[in-house]
Every structure is written in C-alpha cells, then in structure tokens.
Amino acid sequence: MLRRLALKSVGFVVALAIVSGITLFYRKALPQVNQTTVALTFLLAILAVSTVWGMAVSAVMSVAAMLAFNYFFLPPVGTLSIADPQNWAALLAFLVTAILGSQLSGRMQREAEEANRRRREIERLYAFSQKLLGEGNVIQLLNAIPNHIVESFEAGSASLFLSEKNKFYRSGLGAARLDEEKMKASFSRDEAIVDTAGGFFFGPIRLGVRSIGSFGVSGSPLSRQTLEAMGSLIGIAIERAHAVEQLSKAEADRQSERLKSALLDSITHDFRTPLTSIKASVTSLLSGGKPAATQEELLTVINEECDRLNRLVREASEMARLEAGEFELDLGPVKIESLIEAALANSRNALGSREVRVQVAPGLPPVRVDLERAKDVLVQLIDNANLYSPKDRPIVISAEPSGRFVLTSIADQGPGIEDLEQGMIFDKFYRGRDQRYLVQGTGMGLPIAKAIVEAHGGTIGVTSQIGRGSVFSFTLPVDSHASEQR
C-alpha cells in the first residue's frame with residue numbers, strides 16, 4: 001500500500017514537472033509558437049503519463065496543463081482570463097480531450113495488463129495439464145499434483161483433498177499453513193473460496209457435475225476462472241489415471257487368458273500325442289501274442305514318447321526358471337568353434353545325413369558364455385532349421401565379429417516366415433500358422449533361446465524371405481580378458 005502511494009506521489013511530481021518543462025521550452029525557446037502546437041504537445045504528454053501512472057495522475061496533469069495553457073499562451077497572456085470567447089471553447093475542448101484521452105489510455109493499459117495476466121494463466125494451465133498427462137498411476141498422480149501446482153503456477157505451497165479417501169496430499173514449504181477446514185468447505189459447498197488478503201485460494205475438484213475433492217494454493221494470485229479450470233483438469237487427470245489402470249489390468253487379464261489358452265492348447269495337442277502312442281503300445285503289449293520284433297518296436301515307441309514327454313516338461317520348467325531369474329550362468333571363455341562342435345554333436349542323430357556347412361571367420365576371439373546354456377541355444381536353432389526345411393537342402397552355420405560381440409547365424413532354405421509372424425515367433429507358445437500341425441513342438445524353444453541369449457547380454461533375431469528360407473542370428477559377448485591378451 002505504501003509502495004503504491006509512493007509511486008503515485010512520484011507520478012504527480014513527474015506530471016507537474018513535464019507541464020513546467022513544456023511551458024518553459026515554448027516560452028523561452030519558441031516564444032512565437034502556435035497555440036495549437038502547444039495544446040497538442042500537452043495532450044501527447046498527458047497520454048504518455050496516463051499509460052504509466054493511470055487516470056488520477058493524468059487528470060491532475062490535465063488541469064495543470066489547462067491552467068498553464070491559459071496563463072502562458074492564451075491572450076491576455078499572464079492572466080487566467082480569456083479575451084476571445086472562442087478560446088473558452090478551445091480551452092474546454094482541450095480539457096475534455098485531455099481527460100478523455102487519458103481515461104481511454106488508462107483503460108487500454110488495464111485491458112492489456114488483464115489480457116497478459118490471462119495469457120500467463122492459460123500458459124500455466126497448459127503446462128499444468130501437460131504435467132498431469134505424464135502420470136499414469138493414480139497414487140503417483142495424487143502425490144504429484146501438489147508439486148505440479150507449485151511448479152506450474154509458481155506458488156508457495158499447494159494441497160489436495162480427496163473426499164473418497166478423506167486424505168490430504170501436500171507440497172511446498174508452507175503447505176501446512178493451508179486451512180484444511182476451508183478446503184473441506186470448498187468441497188462441500190462446491191465453489192471456489194478466494195482469500196486475496198491472506199493469499200490463499202481454494203477450489204473444488206469436479207468430475208462432470210460431481211465434486212470429488214478440493215485443492216488449495218498459497219502465494220500465487222489466481223482468478224476464480226483459473227481455479228475452476230484447475231479443478232476440472234485435476235478431476236479429468238484422476239479419472240484418466242483410473243481408466244489407464246483399469247485398461248492395463250484388463251490387458252493383463254486378457255494376456256493371462258491368452259497365455260492360459262495357449263498353454264492349454266499346447267498341453268492338449270503336444271502331450272496327448274505321445275500319451276496316445278504310449279497307451280496304444282502298452283495296450284498291444286498287454287494283449288499278448290505279439291512277436292518279439294513287434295514287442296521291441298512297441299517298447300521303442302514307448303521309450304521315444306516318454307523322452308518326448310520329458311522334453312516337453314523340461315522345456316516348461318526351464319521357461320519358468322528363466323522368467324523367474326532362478327538360474328545362474330557359469331561364465332567362462334569359450335571358442336565359438338568349440339560351441340558349434342558341441343551343438344552339432346548333440347544334434348547329430350536328428351540331422352542324420354543332412355549337409356551342414358560351417359563358416360567361421362578366422363581369428364575370432366573367445367566369447368564369455370555358459371557353455372551348456374549357449375549350446376542349448378545353438379541346438380534349438382539347428383533343430384528348427386532341420387525341422388522346417390527340406391532334408392536335401394544344406395544348413396549353413398556361420399560366425400563373424402560384430403563389435404564387442406560375435407555374431408552367429410544359422411541359415412536354412414525352408415519356406416520362410418511372413419513379416420507379420422517374425423515379430424511374434426519369439427513369443428511363448430507361438431508357432432507358425434502353416435507349421436503348427438505339421439511339426440511337433442510346444443512353441444517354447446525359441447523363447448527359451450531368447451531368454452538365455454539376453455541373460456548373456458546378447459540379442460537374437462530372424463530375417464526371412466518367403467520361399468527362400470530364414471536366417472536366425474544371435475550375438476554373444478567377447479571375453480574381455482582374452483581380448484586384452486590378444
């Protein structure tokens with residue numbers, strides 16, 4: 001208040017000084033000046049002062065300018081009387097023009113300030129809304145809203161009250177000073193409460209036409225319109241966070257059901273086939289009267305199908321352990337040639353007479369891997385190439401350096417994989433649409449291989465062309481100690 005009075009006092013002094021300066025300039029420097037020029041100069045000065053100090057100062061300046069104009073420039077000069085009656089009209093027109101001009105100028109200034117204030121509030125509301133959209137979790141959002149209010153509106157403190165939880169969320173150094181009763185009153189009355197003198201502002205949080213809580217702000221002057229907008233934005237953000245959570249939960253439930261269906265389909269199809277073979281073979285044996293050769297054949301079928309069942313159970317158990325992180329890698333330096341030889345030895349029976357070409361770049365450094373786990377990856381990819389490509393076509397295994405990794409690829413000349421399926425082929429239980437009933441399997445081999453490679457810090461992927469085959473590639477990290485010795 002004292003500061004305003006001081007500024008007004010300065011304005012009055014400056015206004016009178018300007019009137020005196022104009023009068024002295026024209027009396028001393030230009031004694032023969034035209035009266036119209038003097039009047040226009042006074043008017044321009046009054047308009048300039050009104051834009052800075054407002055209507056009160058400009059009104060006083062207008063009266064002072066009229067008296068100076070009358071005394072020093074209208075005949076008879078040196079008196080406040082007017083000889084020519086026409087000058088009365090000119091003097092009155094001057095005074096009215098000066099006051100009206102200063103009033104219009106002051107109004108324009110006030111409207112400009114109001115427009116700037118509203119623009120700043122809109123910018124702050126936009127920044128506030130952007131911060132609210134960045135939160136997807138309801139609990140995190142409720143705790144973050146007071147902080148967002150303080151940051152966006154440069155407030156001293158902010159608080160949030162939700163009626164459903166009957167809980168307050170606070171932020172800022174002075175958050176404890178916000179009156180909780182006023183916040184509850186704003187919620188119950190469903191209207192904004194403005195305490196301009198104390199610098200406290202409270203507004204309801206609305207979701208549609210229903211009030212769900214309230215908020216309070218201190219240290220930053222806010223209009224009622226801004227409080228209403230803030231309440232609506234907070235309500236929408238809370239509802240949006242609820243919707244995102246529900247959507248995420250629904251999606252998780254949907255994926256869970258999809259996984260259950262895939263697992264059930266896998267169990268139904270892949271477990272029932274060996275069980276049927278075992279049952280049929282055992283029934284034949286129990287019926288008796290079979291030749292020794294036939295009995296041996298049936299026992300061989302039982303043995304193979306039991307191995308198959310064990311493999312299916314082992315893959316499911318392995319996938320569960322990998323996903324749970326309940327396994328440890330026995331890492332050590334391994335030459336990529338040794339890894340390929342071990343995998344081919346494991347797959348020899350399955351490959352039979354198929355041609356396998358090995359192309360390893362010379363001088364490759366050892367990789368740091370768990371030999372047994374890495375071998376399982378390569379065996380899985382070799383078996384896939386063997387199952388999904390014609391027996392008379394070769395499989396090509398190659399290895400080459402790739403930065404701090406060694407890139408190993410297994411290429412076949414099978415039917416290829418469609419672009420759409422390439423993105424899903426490493427998903428659990430997923431099998432190609434055209435191959436799922438032609439080739440036995442659970443759809444867990446590639447997901448297991450992916451989990452093992454990623455546990456080593458590498459990557460795995462596939463490139464394929466329909467009718468020309470597929471290339472599965474994975475990277476394994478180079479052993480740093482061996483690399484330094486080289």
Side-chain angles (χ1 to χ4, degrees), residues 111 113-251:
E111 290 179 354
E113 291 175 351
E114 179 66 16
N116 286 330
R117 184 185 64 80
R118 290 181 179 177
R119 177 183 58 81
R120 287 193 298 271
E121 287 191 350
I122 290 173
E123 290 175 349
R124 290 175 173 178
L125 283 171
Y126 175 75
F128 181 54
S129 67
Q130 293 298 106
K131 292 179 183 293
L132 293 179
L133 290 175
E135 303 288 347
N137 180 277
V138 176
I139 301 300
Q140 292 178 354
L141 175 66
L142 295 176
N143 285 292
I145 285 175
N147 290 324
H148 293 334
I149 293 175
V150 171
E151 293 171 3
S152 300
F153 295 91
E154 299 177 358
S157 62
S159 292
L160 181 71
F161 168 70
L162 281 187
S163 61
E164 183 181 2
K165 298 186 176 183
N166 195 27
K167 184 177 179 181
F168 288 87
Y169 301 85
R170 307 179 185 280
S171 176
L173 297 176
R177 295 188 293 108
L178 288 169
D179 193 333
E180 294 183 359
E181 294 303 320
K182 285 189 176 179
M183 290 184 65
K184 290 183 178 180
S186 178
F187 158 69
S188 59
R189 289 154 53 180
D190 194 21
E191 65 178 18
I193 299 175
V194 177
D195 181 6
T196 307
F200 298 106
F201 305 86
F202 305 92
I205 299 174
R206 292 195 184 96
L207 189 58
V209 295
R210 179 172 60 93
S211 179
I212 61 173
S214 62
F215 66 97
V217 184
S218 69
S220 179
L222 300 172
S223 65
R224 289 183 178 272
Q225 292 84 352
T226 301
L227 291 172
E228 296 284 342
M230 289 174 65
S232 297
L233 286 174
I234 294 172
I236 292 170
I238 293 174
E239 182 65 15
R240 173 185 172 275
H242 276 298
V244 170
E245 280 193 347
Q246 292 297 323
L247 183 63
S248 299
K249 183 179 178 181
E251 179 63 19

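On a predicted model such as this, the values are computed, not experimentally measured, just so you know.
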Charged N-O contact under 4.0 Å between E123 and R119: yes
Exercise: identify the closest heavy-atom pair between G235 and I212: CA-CD1, 4.4 Å
F161 backbone acceptor or donor facing S214 side chain under 3.5 Å: no
Salt bridge (charged side-chain N to carboxylate O under 4.0 Å, His left out) partners of residues 204-213, not counting sequence neighbours, each pair once: D190-R206, R206-E228
Worked check of side-chain contact (heavy atoms from CB on, under 4.5 Å) between F200 and I193: CA-CA 8 Å; F200 298 106; I193 299 175; over 6 Å; no
Nearest heavy atoms of A185 and S188, plus distance in Å: O-OG, 3.1 Å
Residues in ring pair (Phe, Tyr, Trp, His ring centres under 6.0 Å) contact with F153, at least two apart in sequence or another chain: F128
Which residues share a salt bridge (charged side-chain N to carboxylate O under 4.0 Å, His left out) with K182, sequence neighbours left out: D195
Residues that R224 engages under side-chain hydrogen bond (donor to acceptor under 3.5 Å, both in side chains), provided they are two or more places apart: none
Side-chain heavy atoms of L132 within contact of I236, under 4.5 Å: no
Nearest-0.5 Å distance that lies between atom CZ in F202 and atom CD in E180: 10.0 Å
Check against side-chain contact (heavy atoms from CB on, under 4.5 Å), L222 and M230: CA-CA 10 Å; L222 300 172; M230 289 174 65; 3.9 Å; yes
Least distance between heavy atoms, S152 atom then A127 atom: OG-C, 4.1 Å
Heavy-atom closest contact (P146 atom, N143 atom, distance): CD-O, 3.7 Å
Under 3.5 Å: donor-acceptor pair, side chain of S129, backbone of Y126: yes
side-chain contact (heavy atoms from CB on, under 4.5 Å) evaluation trace for I149 with I234: CA-CA 10 Å; I149 293 175; I234 294 172; 4.2 Å; yes
Working for side-chain contact (heavy atoms from CB on, under 4.5 Å), residues K184 and F168: CA-CA 10 Å; K184 290 183 178 180; F168 288 87; 3.8 Å; yes
Straight-line distance of I205 CD1 to L227 CG, nearest 0.5 Å: 11.5 Å
Nearest atoms (heavy-atom pairs only) where A192 meets P204: N-CD, 3.8 Å
Partner set under ring pair (Phe, Tyr, Trp, His ring centres under 6.0 Å) for Y169, not counting sequence neighbours: none
Minimum-distance pair of heavy atoms, taken over all atoms of G213 and F187: N-CD1, 3.5 Å
Salt bridge (charged side-chain N to carboxylate O under 4.0 Å, His left out) against R124, all qualifying residues, sequence neighbours excluded: E154
Gap separating the CD1 atom of I145 from the NZ atom of K131, nearest 0.5 angstrom: 13.0 Å
Heavy-atom side-chain proximity of F215 to S186 below 4.5 angstrom: no
